[in-house]
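Let me begin by presenting the structure, written as structure tokens, before commenting on it.
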Amino acid sequence: MDVGSSDEALLAGMAAGDPDAAAAFVRRFQRPVFGLALMVLNDRAAAEDVAQEAFVRAWRHAAGYDPRRGAVQSWVLTITRNAAIDVLRLKRAEPVDPEVLEARLQRDPQPSTAATFAEREHLRQLIAALPTEQRRALVLAAYFGRTAREISEVEHIPLGTAKTRIRAAMSRLRERLEVTDEH
Amino acid sequence: MSTDCDAVRDIAGELALGIASGEERARALEHVAGCASCRRELERLSAVADELLVLAPESEPPPGFETRALHAMIGRPSPRRRRMRRFFALPAVGLAGAALATGVLLVATSNDRNLASEYRQALAAANGSQFAAVPLRDASGAKRGSLSLYRGMPSWLVVTVPKDAQSSVARAEIVSRSGAHMPLAGFKLRDGVWGGRLPMAFDDVASVQLLSPQGRSVLVAYTKGAW
């Protein structure tokens with residue numbers, strides 16, 4: 001399997017049981033996968049376990065990937081996030097404070113390409129521009145998998161308010177990303 | 001937009017992030033399966049949720065990670081891998097019945113959040129031929145929950161009933177178009193929800209019956225006309 005193969009080709013190779021494709025897949029995605037696990041868990045050993053588990057799940061279920069549902073990187077990062085949240089809940093660990101996590105989001109030491117950097121920077125700016133309470137709800141939901149009810153408890157607010165904050169944050173990001181895409 | 005559309009859009013962000021409750025998801029899915037406008041809205045929000053994950057700063061894993069991950073993936077023995085298995089095998093991590101198999105994000109854990117995530121993946125591809133949601137009805141014909149079916153590799157189904165109906169249901173079976181009854185192995189409602197693999201071909205399913213401890217049919221969902 002050529003290391004220059006597309007992400008989809010690597011997944012197809014994994015689905016066919018090709019170990020070379022698996023090696024290339026790990027090499028390509030290990031930094032974002034480990035980075036996400038580390039950001040959620042704030043523990044390198046636990047993040048390594050989670051990253052490994054994420055790759056095992058990707059290997060087992062590569063055949064189920066459907067490109068219509070999003071990019072390969074999003075697929076494997078969703079698996080990673082779920083595995084990280086499982087560990088958070090198993091350990092009954094307190095999640096990192098949303099403000100701390102948000103600060104981590106605001107830095108990207110090694111962007112892959114200029115285009116990627118610009119896109120990520122734009123999204124970061126949109127998140128930073130959200131009202132604080134919406135931003136906190138978004139971070140708790142998106143990265144820590146906290147439900148609206150859990151957010152209402154953590155933030156000491158009514159359930160309806162938590163749901164409103166999540167909805168408002170997601171809608172605002174969606175609208176502004178789409179406005180940008182149209183220009 | 002209908003009242004149903006308004007209700008779905010109120011929780012579309014939570015659905016996209018994979019944090020909506022079981023009942024909310026079931027209601028929304030039933031609507032979205034037949035509403036292209038809400039489906040598009042959910043797809044857009046799902047794309048935002050995906051982008052959020054990509055924002056996480058990349059980080060170099062510890063030396064040797066690649067080798068250990070490969071060992072775990074392709075099944076060669078590795079002390080670290082064995083440790084991992086134990087870690088993730090802990091009390092089934094609150095498994096909501098059997099693991100949901102979407103063929104997209106089949107994971108060893110199927111707690112509420114994972115179910116939601118899998119729903120979201122399924123919804124993104126739902127086009128009427130691959131996804132169907134039909135009502136579960138009691139003997140009087142009243143709607144008491146829903147049955148969702150997804151055609152994939154493998155295909156899966158999700159049963160959702162109101163919590164007050166859960167105690168009257170002990171097991172479930174699928175009835176094929178030829179009339180054969182097949183029990184759903186591992187069926188156990190939790191918070192009114194159960195999901196698992198479809199034990200027969202998607203197109204062969206005629207109905208799903210939820211049965212009382214005495215074997216009496218309590219709720220039935222018919223798939224005729226659903227796709």
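Here is the naming used below: chain letters follow the sequence lines, and residue numbers restart at 1 for every chain.
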| message | When you compare the side chain of A:Phe55 with that of B:Leu70, does any pair of heavy atoms fall below 4.5 Å? | response | no
CD1 (B:Ile11) and CE (A:Met170) are apart, to the nearest 0.5 Å, by 12.5 Å
(request) Walk me through it: do A:Arg167 and B:Arg9 pass the test side chain to side chain contact (heavy atoms under 4.5 Å, CB included)? (result) CA-CA 9 Å; A:Arg167 183 176 68 237; B:Arg9 292 185 186 213; over 6 Å; no
Residues B:Ala72 and A:Gln52: closest non-hydrogen pair is CB-NE2, 3.4 Å
Smallest heavy-atom separation, B:Ile19 atom then A:Ala141 atom, equals CD1-CB, 3.6 Å
Counting C-beta onward and ignoring hydrogens, is there a side-chain heavy-atom pair between B:Leu45 and A:Leu173 closer than 4.5 Å? no
Bottom line for A:Ile166: the part with an atom under 4.5 Å from chain B's heavy atoms is side chain
In the structure I gave you, are the side-chain heavy atoms of A:Trp75 and B:Asp50 within less than 4.5 Å of one another anywhere?
no
Rounding to 0.5 Å, atoms CG (B:Leu52) and OG1 (A:Thr78) come to a distance of 10.5 Å
Under 4.5 Å to a heavy atom of chain B? For A:Leu36 that would be both
Side chains of B:Glu60 and A:Phe34: does their closest heavy-atom pair fall under 4.5 Å?
no
When every non-hydrogen atom of A:Arg44 is compared with those of B:Ser59, the smallest separation belongs to NH1-OG, 4.1 Å
Side chain to side chain, B:Val48 and A:Leu123, heavy atoms closer than 4.5 Å | no
With a 4.0 Å cut-off, would you call A:Glu48 and B:Arg68 a salt bridge? yes
Just so I know, are the side chains of A:Met14 and B:Met73 near enough to count as touching, which here means a heavy-atom distance under 4.5 Å? yes
For A:Gln30 and B:Pro61, the nearest pair of non-hydrogen atoms, with its separation, is OE1-CG, 3.6 Å
So, the part of A:Arg149 with a heavy atom under 4.5 Å from chain B: the answer is neither
So CG of A:Asp20 and CD1 of B:Ile74: to nearest 0.5 Å the spacing works out to 9.0 Å
- Step-by-step salt bridge (Lys or Arg N to Asp or Glu O under 4.0 Å) determination, B:Asp10 to A:Lys163: CA-CA 8 Å; B:Asp10 276 350; A:Lys163 292 171 94 65; over 6 Å; no
Interatomic distance, OG@A:Ser171 vs CD@B:Glu41, rounded to 0.5 Å, equals 6.5 Å
Separation between CD (B:Glu51) and OG (A:Ser74), nearest 0.5 Å, reads 6.5 Å
Cut-off 4.5 Å, heavy atoms of chain B, and the answer for A:Gln73 is side chain
